[in-house]
Each structure stands twice: as structure tokens, then as C-alpha cells.
Amino acid sequence: MAHLGTEIRRKTMIIRTTALVAAASALALAIQGCSDTAADSDRTEIVAKIQDSDLPDSERIDAIKERGELRVGVLPGFPFLVQDITGDPNDYAGPAWYLANAYADALGVKLKVVPVTHETKIPVLAADQVDITISPLSVTDERKEVVDFVEYTDTGVCYIGLKDNEKFTSIDDFSDLNSADMTLAYFQGQPTEELLVEKYPELVYRAVPGSGGDVPIEEILSGRADVAVVSPQATGPQLTKAYPDLATFPEGDDCLDSEEFALPNGMAIDKGQPEFLDVLQEVFESVADEVADEERRVVDEGIGFSISGG
């Protein structure tokens, strides 16, 4: 689960005002409405706000400050944006929520949660129903044609199968998956679908209609498939705790750090807003380490983790 901090820090920002760096680096307000986040013990009250004179000319920023709200499109996805389903429905955690609060703090406004769906999380940007979609989004070339991203992490994939399935347990290398004796289950529409077929042409594929779950568990448990592709965050350590008969390849931290089919993950804004994007990027760079820490915390503690079968 390598994050993109190193690469992003090399990017040259257009907006480099002293006040922006000072305000963003001093972000210290505990995540609003989510008192049990990692920020609580490490961050103190914010000591500076970006003033109007310090901000670039931007219709978007002007509109946000005028309404006093930063509208964020929200669709939970573990571990990037998770909801506390046992308490306040507006309680969230995860790196996307941490970063969204950092943006609101930097702009001196409140967050306004706007629920979105898989179908609407990108169209709502062009429709001006939200300012940012913070729902987890894989950064693909197709999406980059219509939106701009702040990339805050990247995610590879692991594979999961039954511990007593010799086909699965005999895998020593990713190349062992390229076998006509192996059946892989996956949810239709996954970003890795075409990549899998290209890399493993001999593998037998079993497409499963998307159910909103992270993993087509039932395909593995029923024996209809030998292996399933999963995000490292979804697999461990929570998935194997919930299903002791399952194992991952690679195992443990090697799964969490997998670079197999690694794709950047980010939050999106509508195209044509370079000044707004620069401000968002600058704030992210100032809290990148904390964002990465929050992601690992959510994974390790299993906050908001749930499983839906295929």
C-alpha cells in the first residue's frame, strides 16, 4: 500500500505563497464529528487560516467561501472513506475524510456531505452539485479526460483463496496464476479487468455482477473459483480474520504493499480549475504523512470494515 508522497512532492506548484504553506502545515483541527481518529492525539487547534488576499483568483474558491461550505461527494469505500454505522451517520474516518477536513480548515469553511452513488460520483462535479468528490476513485486515463485528481495514495491488488485449495496454496509467484487450471472470480467493471486478461491470458475468468461488496467471497467459498482479486486494504488483516479458511497471496504486509496492477487513488474536481487544484495539492503535500498514517490506522483497526458476498 505504497502512497504517492514521494512522487507528488516533486511536482511544481503554481501557487507557493508563504501564508498558504504556513496555514496548511499548521492544520490541527481534529476531524469534525469523528473524535476517535488519529488526529485527536496529535493535532491541536488550527493556528492560522488562509485569508482572502492569500488565495488565487478562483470562481470556485470564491463560491465556497461565500456559502461557507465545502461540498464533498461521499460514497464510503474501505479504507479510504469509512462510515461509523453504529453511531452518528455523519461520522466518517479514513484518509479522504482527513484530507477533506484539512481542505475545509484551510479555506475557513465547514464540510457539507453530499451523498453520491457509483453512477453519479463523477457527473455531480460537472453538474456543480459538489466541489470535490472524496469518494475513493481509481485514477484512470479515461477519468482524467473529464476530471482532475489530487492523488493521495495508490493501491495494488492481492489474490485470495481457500487454505485447503492446493491450486491456490501452490502459488509461489504471480506468474503461477497464468494457468488454464485456475479460475479467477472478479466483479464486473473492476479497473483491473483488462489488465488481468492481458497479463494472464491462460487463466480462466468468472465474471460476477457487482454487488457493492469488495470481494466475491461466495465464489471462493463455494468452489466455483480458485482465486479472487482483491484490494490489499480489503484483505488484511480484517478479511482473513472474518474468514479463517481464507489466505492471501502475497501474505501479510507483502499483500498490503503489493504493487500488482497498482493504480493511484484520489479525489476529483471538475476540469478547468487550475487555481483550485493548486490549492488542494498544496494542502495535501503539507499533511501527506498524516493522510498515510490515517489510512494505515483504518486498515489495522478495521474501522467501518464490512464484507458483502458476490
Side-chain angles (χ1 to χ4, degrees), residues 1 3 27 29-43 69-105 109-125 129-138 149-150 152-153 155 187 189-190 210-217 230-239 241-243 256 265-269 284 287 290-310:
M1 187 175 54
H3 69 78
L27 290 174
L29 183 63
I31 291 177
Q32 196 173 35
C34 193
S35 61
D36 60 350
T37 65
D40 288 354
S41 59
D42 300 329
R43 300 167 72 185
E69 293 178 331
L70 177 65
R71 304 168 303 173
V72 293
V74 168
L75 177 65
F78 183 87
F80 310 109
L81 181 63
V82 296
Q83 189 173 17
D84 180 7
I85 60 175
T86 63
D88 185 341
N90 291 318
D91 274 359
Y92 293 88
W97 187 245
Y98 188 104
L99 186 53
N101 275 272
Y103 290 149
D105 289 342
V109 298
K110 297 179 180 180
L111 279 183
K112 180 180 180 181
V113 170
V114 179
V116 296
T117 67
H118 287 294
E119 292 74 24
T120 65
K121 59 188 177 183
I122 290 181
V124 291
L125 293 166
Q129 296 173 354
V130 302
D131 302 302
I132 313 174
T133 287
I134 67 171
S135 174
L137 290 168
S138 295
F149 286 95
V150 176
Y152 60 87
T153 188
T155 305
F187 283 131
Q190 285 185 330
S211 67
D214 293 308
V215 188
I217 293 290
V230 291
S231 71
Q233 293 87 352
T235 64
Q238 305 305 321
L239 185 58
K241 286 182 181 179
Y243 293 90
L256 289 172
N265 234 313
M267 49 182 64
I269 65 171
F284 164 68
V287 295
E290 291 83 356
V291 169
D293 289 345
E294 174 69 357
E295 180 176 341
R296 178 67 75 164
R297 184 186 75 89
V298 171
V299 171
D300 289 345
E301 298 180 15
I303 300 170
F305 180 79
S306 64
I307 302 169
S308 299

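In this structure, Ile122 CD1 and Thr133 OG1 are separated by 7.5 Å, a value rounded to the nearest 0.5 Å. One distance of note links CZ of Phe78 with CD of Gln83; it measures 14.5 Å at 0.5 Å rounding. With values rounded to the nearest 0.5 angstrom, Leu99 atom CG is found 8.0 Å from Tyr152 atom OH.
Residues Glu294 and Pro95 share a closest heavy-atom pair of CG-N, 3.6 Å. The shortest non-hydrogen separation linking Phe149 to Ser138 is CZ-O, 4.2 Å. Taking both residues in full, the closest heavy atoms of Leu75 and Ser135 are given as O-OG, 3.2 Å, listed atom of the first, atom of the second, then distance. Nearest heavy atoms, Ala102 versus Val287: CB-CG2, 4.4 Å. Across all non-hydrogen atoms, the minimal contact from Ala104 to Lys110 is CB-C, 4.3 Å. Nearest heavy atoms, Thr120 versus Thr117: OG1-N, 2.9 Å.
Residues Met267 and Tyr103 have side chains in contact (heavy-atom distance under 4.5 Å, counting atoms from C-beta outward). Residues Tyr98 and Asp293 form no side-chain contact, since every pair of their non-hydrogen atoms from C-beta on lies 4.5 Å or further apart. Considering only heavy atoms from C-beta on, Ile134 stays 4.5 Å or farther from Tyr92 through its side chain. Leu125 places a side-chain heavy atom less than 4.5 Å from the side chain of Val130.
By the side-chain contact (heavy atoms from CB on, under 4.5 Å) test, Pro136 pairs with Phe80, Leu81, Asn265, sequence neighbours left out.
The side chain to side chain donor-acceptor pair (under 3.5 Å) contacts involving residues 71-80 comprise Arg71-Asp128, Arg71-Asp131, where partners must be two or more places apart or lie in separate chains.
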